Amino acid sequence: MIYMDHSATSPVDPEVFKAMEPYFVDSFGNASTLYSLGREARKAMEDSRKKVASLIGADPTEVIFTSGGTESDNIAIKGTAYRLRKKGNHIITSDIEHPAVEETCKYLEKNGFQVTYLPAGEEGIVKVEDLKNAITDKTILITIMHANNEIGTIQPIKEIGEIAREHKIYFHTDAVQSVGKIPVDVKDLNVDMLSLSSHKLYGPKGIGALYIKKGVRLEPIIHGGGHEKGIRPGTENVAGIVGLGKACEIAEQNLEENFKRLTAIRDEIIEKVLSGIEQSYLNGHPTKRLPNNINFRFTSIEGESLVLHLDAKGIASSTGSACSSKKLEPSHVLMALGLKEVDAHGSLRLTLGKENKEEEIDYVVESIKDAVDTLRKLSPLWCQVDEE
Ligand SMILES: *Cc1c(COP(=O)(O)O)cnc(C)c1O
């Protein structure tokens with residue numbers, strides 16, 4: 001099988017699995033206990049915290065472990081909103097956020113907060129001017145993702161962070177898709193909070209982290225035993241934390257090499273598909289995108305059918321995001337680009353990972369061509385397009 005759906009999830013690196021194994025059986029201690037078994041677990045956890053911090057340029061004291069990207073986003077956004085609600089009730093985000101941010105903002109809207117959704121526009125990148133115009137004296141939080149999970153576009157986080165800082169507004173970014181794939185440095189990006197998730201970077205599912213800049217205070221949204229500075233109480237998932245740490249360490253070592261190699265594969269697939277298939281287009285900005293993200297659309301093609309045809313050829317791909325592909329509505333991200341509904345349904349996302357090889361390119365491109373040809377022959381819509 002050729003797996004090209006790494007933005008949905010990635011396989012656990014065998015080295016990560018090996019690092020985790022002892023913490024299920026032998027070193028099973030509760031990291032909050034005093035005896036040596038517990039101290040061993042605590043030490044493994046703190047080593048991991050250093051590795052996560054190192055990958056994003058943070059201090060280890062600024063990293064708290066969570067159950068993943070969704071929880072990190074919730075803690076950052078609701079934690080800020082509840083803490084600062086006396087100061088203001090206005091939040092700024094974008095119209096292409098992951099549901100973990102989008103739905104959290106919608107929930108807050110139902111509870112007295114006002115949310116501005118900045119348009120990502122045709123190329124899928126928000127405009128700093130729009131952000132400046134949206135800020136009011138009630139704005140308490142800006143939350144804008146680093147890289148988009150569907151179209152891979154990279155937002156001007158550093159510039160947004162500068163503006164947030166000028167106005168003394170907290171700035172959170174969902175960096176689940178960018179961490180480990182492109183350089184991410186919290187200081188350079190001027191962020192106050194940053195979410196990341198282990199299973200998008202070859203670590204296990206159900207574990208992630210939230211960077212909280214020193215001095216930033218959040219209202220806890222989960223209450224319990226005081227673990228993770230009281231921000232994320234609950235007995236720590238030590239094995240998961242060790243896995244996340246190992247995944248971050250490996251990602252840091254191989255970042256540059258993977259970046260170069262995947263960018264080359266990405267660009268060759270894009271070039272061959274766009275030149276080889278009529279009425280095929282790339283969604284999102286051509287260069288300001290993740291090295292591993294390809295998102296096409298094909299006139300008169302239904303994305304789901306295309307995914308199934310490719311599956312039959314041993315290629316795992318997706319249309320829209322994993323969550324929105326279960327619904328019948330077109331992806332809100334593709335609609336935000338200004339696409340017609342019928343075109344938004346004709347998208348194909350290929351997200352590459354470190355196991356993908358140059359030798360797979362031609363087979364993948366030929367398989368897409370075959371599938372598009374076959375589906376168009378069956379499509380009454382395609383004849384109409386032809387005749388125009
Ligand atoms: C996958 C993803 C999430 C959710 O992370 P989980 O660890 O699966 O909860 C959040 N944001 C983005 C951009 C993602 O791609």
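Here the structure is a predicted model, which means the values were calculated and not measured. Start at 1 and go down the list; that is how both ligands and their atoms are numbered.
Atom 7 (O) of ligand 1 has its closest protein heavy atom at Ser197 OG, 2.6 Å. If you check which protein heavy atom lies closest to atom 11 (N) of ligand 1, you get Asp174 OD2, 2.6 Å. From the protein, the heavy atom lying nearest to atom 6 (P) of ligand 1 is Gly69 N, 3.5 Å.
Here His199 has side-chain heavy atoms under 4.0 Å from ligand 1, and that is the only part of it that gets that close. Using a 4.0 Å cut-off between heavy atoms, Thr70 contacts ligand 1 through both its backbone and its side chain.
Close approach of ligand 1 to Gly68 (heavy-atom distance below 4.0 Å) involves ligand atoms 7 (O). Close approach of ligand 1 to Lys200 is summarised as follows: ligand atoms under 4.0 Å from at least one heavy atom of the residue are 1 (C), 2 (C), 3 (C), 14 (C), 15 (O).
For the residue pair Pro183 and His146, the shortest heavy atom distance occurs at O-CE1, 4.3 Å.
In this structure, Lys78 is positioned above the aromatic face of Tyr107, its NZ or CZ under 6.0 Å from the six-membered ring centre and within 45° of the axis. Both the sub-6.0 Å distance and the 45° axial angle are not jointly satisfied by Lys181 relative to the ring of Phe259.
Residues satisfying the side-chain contact (heavy atoms from CB on, under 4.5 Å) test with Lys214, not counting sequence neighbours, are Asp59, Thr61, Glu62.
Taking a cutoff of 4.0 Å between a charged side-chain nitrogen and a carboxylate oxygen, Glu46 and Arg49 qualify as a salt bridge. The pair Lys43-Asp47 counts as a salt bridge, with a side-chain nitrogen and a carboxylate oxygen less than 4.0 angstrom apart.
In terms of polar-atom proximity, Asn149 is not counted as a contact of ligand 1, lacking any N or O under 3.5 Å from an N or O of the ligand.
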